[in-house]
Peer 1: 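One structure coming up, written as structure tokens, with questions to follow.
Every number for a ligand or one of its atoms is a count from 1 in the order of the listing.
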Amino acid sequence: MLTRFAPSPTGDLHLGHAYSAVLAHDAARAAGGTFLIRIDDIDGSRSREDYVAASLADLAWLGIDWDGAPLRQSDRLGAYAAALDTLRARDLVYPCFCTRADIAASLAAPHGPPNGPAGAIYPGTCRDLPTTERERRMATEPHCWRLDMARAVSTTGALTWEEQGQGVRTAEPTTHGDIVLARKDAPASYHLASTLDDAAMGVTHIIRGADLIAATDVHRLLQALLDLPTPLYRHHALVCGADGKRLAKRDAAASLASLRAAGVVGPTLAADLAAGRLPTGYSLQMP
Ligand code: GLU
């Protein structure tokens with residue numbers, strides 16, 4: 001068994017991250033397996049080195065030990081570019097020149113496309129541009145790369161994954177529309193980078209928050225398109241605050257740094273979380 005915890009270094013870790021990390025760590029250790037840390041630092045504008053150090057210090061404080069040096073997505077840009085080349089060679093991605101304003105304007109039109117799990121779905125403006133226009137604009141205009149979802153799904157057929165202890169789930173990638181796989185300002189989207197990395201790391205069990213169940217629709221599709229193995233998944237309940245809403249990085253009181261400063265003992269907190277016991281005022285909820 002190989003599991004991982006993959007924080008994005010864009011803020012302080014909080015109780016929700018601790019819960020996820022403890023579950024993934026303990027599952028690997030109970031099975032005599034491997035537990036890896038990956039730093040999801042592909043978003044250069046939001047990732048910060050001090051958050052990397054603080055996250056690792058928080059995990060160590062919890063008593064979590066990991067195998068080998070943490071991996072970094074920023075070291076893997078070549079692999080992301082190669083995967084995009086593969087999809088490009090199969091005509092499964094296209095350059096999209098739309099600005100946010102362009103997309104908002106087409107969505108405001110009557111009978112615009114319905115919403116997907118992650119918000120409005122792309123209306124497809126750049127999907128069928130003539131090759132000459134595409135090439136001309138690619139030379140001068142910033143663009144992202146989108147998956148041609150209908151075409152991609154037609155090459156794979158129906159896809160499923162196994163949700164540990166709950167049986168088989170059907171992936172519904174088409175509900176996401178033509179998702180972005182490489183951004184104007186980042187060489188890969190979360191979906192592409194995470195799917196490729198989990199495969200390269202040999203992750204057998206993905207243990208992460210239930211807020212990412214919908215993302216698994218897309219990850220399962222990318223696995224099929226790129227010939228990658230499908231791990232088992234366990235999407236766990238989310239830690240919520242007194243307002244019943246899931247914690248966000250801005251909830252300072254729930255940050256591991258503030259709990260540590262308040263005298264909480266890291267390994268005791270980790271054992272409590274593993275047993276589903278949360279500090280007063282917090283609860284676990286399925287979204
Ligand atoms: N860096 C991602 C996050 O913090 C990881 C999600 C995942 O586990 O796939 O949401």
Side-chain angles (χ1 to χ4, degrees), residues 1-28 34-49 51-52 54-56 58-59 62 64 66 70-77 79-80 117-119 161 163-164 169 171 173 176 179-181 183 186-223 226 228-240 246-251 254-256 287:
M1 177 185 280
L2 192 150
T3 68
R4 50 72 163 176
F5 176 63
S8 304
T10 56
D12 288 323
L13 297 190
H14 55 55
L15 274 174
H17 298 105
Y19 182 63
S20 206
V22 165
L23 291 190
H25 168 268
D26 289 7
T34 302
F35 176 67
L36 301 179
I37 302 283
R38 184 179 76 223
I39 304 295
D40 284 0
D41 58 352
I42 201 163
D43 186 339
S45 60
R46 292 174 61 224
S47 295
R48 278 176 31 190
E49 219 37 51
Y51 286 133
V52 176
S55 299
L56 297 177
D58 285 342
L59 294 170
L62 286 165
I64 288 178
W66 54 90
L71 294 120
R72 283 179 176 250
Q73 290 197 323
S74 53
D75 288 336
R76 299 255 309 142
L77 306 189
Y80 309 149
W161 79 81
E163 186 70 25
Q164 222 184 355
R169 295 279 180 98
H176 297 253
I179 48 159
V180 172
L181 291 187
R183 293 173 16 197
S189 67
Y190 155 67
H191 293 309
L192 182 61
S194 185
T195 305
L196 287 167
D197 290 347
D198 286 329
M201 292 158 74
V203 176
T204 60
H205 293 63
I206 293 189
I207 298 173
R208 63 182 175 195
D211 53 325
L212 291 167
I213 290 179
T216 306
D217 292 332
V218 174
H219 299 178
R220 182 65 193 87
L221 175 63
L222 291 173
Q223 288 156 7
L226 295 165
L228 306 173
T230 303
L232 279 177
Y233 287 86
R234 173 172 168 200
H235 292 97
H236 58 71
L238 304 176
V239 177
C240 295
R246 83 179 157 104
L247 297 179
K249 283 188 170 159
R250 60 181 175 279
D251 293 324
S255 79
L256 300 183

Peer 1: Parallel under 30°, tilted from 30 to 60°, perpendicular over 60°: which one fits the rings of Y233 and H235?
Peer 2: parallel
Peer 1: With D197, which residues qualify under salt bridge (charged side-chain N to carboxylate O under 4.0 Å, His left out), at least two apart?
Peer 2: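 D197 satisfies salt bridge (charged side-chain N to carboxylate O under 4.0 Å, His left out) with R38, R76 once adjacent residues are dropped.
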Peer 1: Could you tell me which non-hydrogen atom of H205 sits nearest to which non-hydrogen atom of Q164, and how far apart they are?
Peer 2: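 In terms of heavy atoms, the two residues are closest at CD2-NE2, 3.7 Å.
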Peer 1: Who are the salt bridge (charged side-chain N to carboxylate O under 4.0 Å, His left out) partners of R183, not counting sequence neighbours?
Peer 2: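 Partners of R183 by the salt bridge (charged side-chain N to carboxylate O under 4.0 Å, His left out) criterion, ordered by chain and then number, come out as D43, D185.
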Peer 1: Just to be sure I understand the cut-off, which residues have at least one non-hydrogen atom under 4.0 angstrom from an atom of ligand 1?
Peer 2: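 Correct list: R4, A6, S8, D40, Y190, S194, R208, L212.
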Peer 1: Is there any salt bridge (charged side-chain N to carboxylate O under 4.0 Å, His left out) pair reaching into residues 2-27, and which pairs are they, with sequence neighbours excluded?
Peer 2: R4-D198
Peer 1: Does the pair R208 and S20 meet the rule for a side-chain hydrogen bond (donor to acceptor under 3.5 Å, both in side chains), with working shown?
Peer 2: CA-CA 6 Å; R208 63 182 175 195; S20 206; over 6 Å; no
